[in-house]
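Atom set for the values below is all heavy atoms of this structure, side chains included, hydrogens, waters and symmetry mates excluded.
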Amino acid sequence: MKGTLSYASARFAERMVTFFILPVLTKTITPLEYAVWTQSIIVAGVLMPVILLKFETTLVQFFPNWNNQNKKQNSTILFMLTLALLLFCIVAVITFVFNEQIAYIIFGDYQKSLYIPLIIVLLLSELLFEFFIALLRISNRIGKISIYILMKAIWRLGILILVLIGINGNFYYALGSFVIFQLFITLVLYIWEVNLFSLVKAGLKKGRPNWEKLLKFTLPLVPFIILMMIHNFIDRFLITHFLGLKSLAIYSAGFSIAVVITFFHSTISFMLYPELSRRWASKNKTKIKYLMEKVVTSYLALTIPFLVFVGIAGNDALLVLTTSDYLISNKTLFLLSLNMGMFGLFQFAHYIVILDRGTLNAPILMTFITGINILLNLLLIPKIGILGSALSGFFSTFALALVVYKMSQKNLKWNFPLIESVKILLRSLIMGVVIWQGMTWLVNDAISLAIIIIISGLLYVLLDFFANDDSSFLHITKLNIFLKLKYYNFYKFIKKKN
């Protein structure tokens, strides 16, 4: 799939840059302010796909090869953007009118209403940026997507460092500077990369025949995505109201470790859905089945070793990156990471369900799963704190992934790679022994942690390389051939020198 390597590299770099936000914030602002930061990011992230009506997915479904020349397509895209901005204006007005009540829902504190305008600006910048990335995606400019995603991470980290450390500014000023700068840069990118004049010139009339078909596809996704967001993030709001912002700060810091797994499945998903759509259109189910099995195996080959690392050294890593104010139990951190891993498996299987059955049945499933999640959170959080939230997420996400996997089996008889998973787990456990010994022998600081990660990571890569079978990430992605060729050329070079 064209551009996969550049996109994956950019996502990895973006995740690494974003990861450094955790120590920057936790070591320069209070836990309460860190909780406000994470809630602001989450609220914008939750509302963004709802206001966009999941048009970023619809664009890929309807215009997989857009070139900005088709007036009917441009008209339809203009309709999407106009409708999204109209919905944003409605949400913004309601939010400003009831700012104190909404601040209480988000932060559990009426006095935090001063952050509401900043969240609105952040939301606008996020939805515009997401739509912009979708336009680049359907015009096959994956290289530029890679650049802009990395740039976004850099300016986020850079502004926070500049304001909080460089000029010793306060948190409110740092958050305000970030959201305003992001909105400005996003608007510049639209002018630079998207021919807005051609979209406006196309008008709304030419694309009107597409509206019904487009909305029929995308509207069932809206309640689904609302329920999905409630399922994924309701725990944060319940923790805020039951336990307070300080407990939310600890939970969010642990989530920052777990969320590394989203790099794996978001990168794969970005490239997988367009490829599945093309193959589904050609009705070649044999190739789709083969692709799904290889994709899931590759994902597990990346996810399982990370879960082993989190289970053994996750809490130590979190302590190095933050302070003692953010201590969290290993059980909670491992469950959060496992939830992220299972969500990726759900996402892959759900693509098959969407292609086979469409989106009409999605809200029914998510209503049931979200209900389970809310009920478990309400029962467990007051009794066992944030561990209860992690357990609730585990049970509901496992049920979601299992049901969707069974649904995907009805039309496409693809097999979960169980044998390959066991092989990956064995390699990961060998790596885990090295991590465990390293944590025992070395002191708990950043340098020691980096040494342990490098040594254990290299060991896992070697085990994966010599496995050379269907459970090997390097074998599936053909990177083993590349490495062998590099080794052979290096060997020839050394031999020639001697």
Mind checking whether [X] and [Y] have parallel, tilted or perpendicular rings, split at 30° and 60°?
X    : Y    : result
F132 : F129 : tilted
F306 : F309 : tilted
F178 : W37  : tilted

Measure across [X] and [Y] and return the closest heavy-atom pair with its distance rounded to 0.1 Å.
X    : Y    : answer
L400 : I369 : N-CD1, 3.8 Å
S40  : L122 : O-CD2, 3.7 Å
M229 : G45  : CE-O, 3.8 Å
V404 : V353 : O-CG2, 3.9 Å
A258 : M340 : O-CG, 3.6 Å
L52  : F131 : CD2-CD1, 3.9 Å

Residue pair [X] / [Y], side-chain heavy-atom distance below 4.5 Å:
X    : Y    : answer
F394 : F334 : no
V310 : L336 : no
L387 : L380 : no
H231 : T397 : yes
F348 : I268 : yes
T240 : L245 : yes

Is a side-chain donor or acceptor of [X] paired with a backbone partner of [Y] at a separation under 3.5 angstrom?
X    : Y    : answer
S256 : S252 : yes
S298 : F473 : no
Q39  : I106 : yes
N315 : I328 : yes
S247 : G244 : no
Y172 : L114 : yes
H241 : Y104 : yes
Y299 : G341 : yes
N377 : N373 : yes
T322 : T26  : no

Quick one: pull up [atom1] in [X] and [atom2] in [Y] and give me the separation to the nearest 0.5 Å.
X    : Y    : atom1 : atom2 : answer
I239 : I250 : CD1   : CD1   : 10.0 Å
L189 : K152 : CG    : NZ    : 11.0 Å
L291 : T286 : CG    : OG1   : 12.5 Å
F255 : D235 : CZ    : CG    : 7.5 Å
L402 : L345 : CG    : CG    : 11.0 Å
L365 : T370 : CG    : OG1   : 8.5 Å

Report yes if the distance between the aromatic ring centroids of F343 and H350 is under 6.0 Å, otherwise no.
no
Please tell me whether W155 and Y148 form a close aromatic pair, meaning their ring centres lie under 6.0 Å apart.
no
Check against side chain to side chain contact (heavy atoms under 4.5 Å, CB included), I261 and L338
CA-CA 9 Å; I261 291 180; L338 186 58; over 6 Å; no
Anything under 3.5 Å between a donor and an acceptor, one on a side chain of residues 415-429, the other on a protein residue two or more places apart or in another chain? List them.
from, atom 1, to, atom 2, distance (Å)
S421, OG, P417, O, 2.6
K423, NZ, D469, OD2, 3.4
R427, NH1, S471, OG, 3.2
R427, NH2, S471, O, 2.8
S428, OG, I424, O, 2.8

Taking NZ, NE, NH1 and NH2 as the nitrogens, is one of them in R156 or E126 under 4.0 Å from a carboxylate oxygen of the other?
yes
Within a radius of less than 6.0 Å around [atom1] of [X], do more than 12 heavy atoms belonging to other residues, nucleotides or ligands occur?
X    : atom1 : answer
F242 : CZ    : yes
K246 : NZ    : no
K27  : NZ    : yes

Full working for side chain to side chain contact (heavy atoms under 4.5 Å, CB included) between L376 and L391
CA-CA 8 Å; L376 288 173; L391 279 170; over 6 Å; no
Stepwise, does the side-chain hydrogen bond (donor to acceptor under 3.5 Å, both in side chains) test hold for S389 with Y251?
CA-CA 9 Å; S389 181; Y251 187 81; 3.1 Å; yes
Test log, rule side chain to side chain contact (heavy atoms under 4.5 Å, CB included), inputs T28 and F171
CA-CA 9 Å; T28 56; F171 169 68; over 6 Å; no
Short side-chain donor-acceptor distance under 3.5 Å, Y34 and D325:
no
Do F20 and I161 pass the side chain to side chain contact (heavy atoms under 4.5 Å, CB included) test, and can you show the C-alpha distance, the side-chain angles, and the key distance before you say yes or no?
CA-CA 10 Å; F20 284 109; I161 291 175; over 6 Å; no
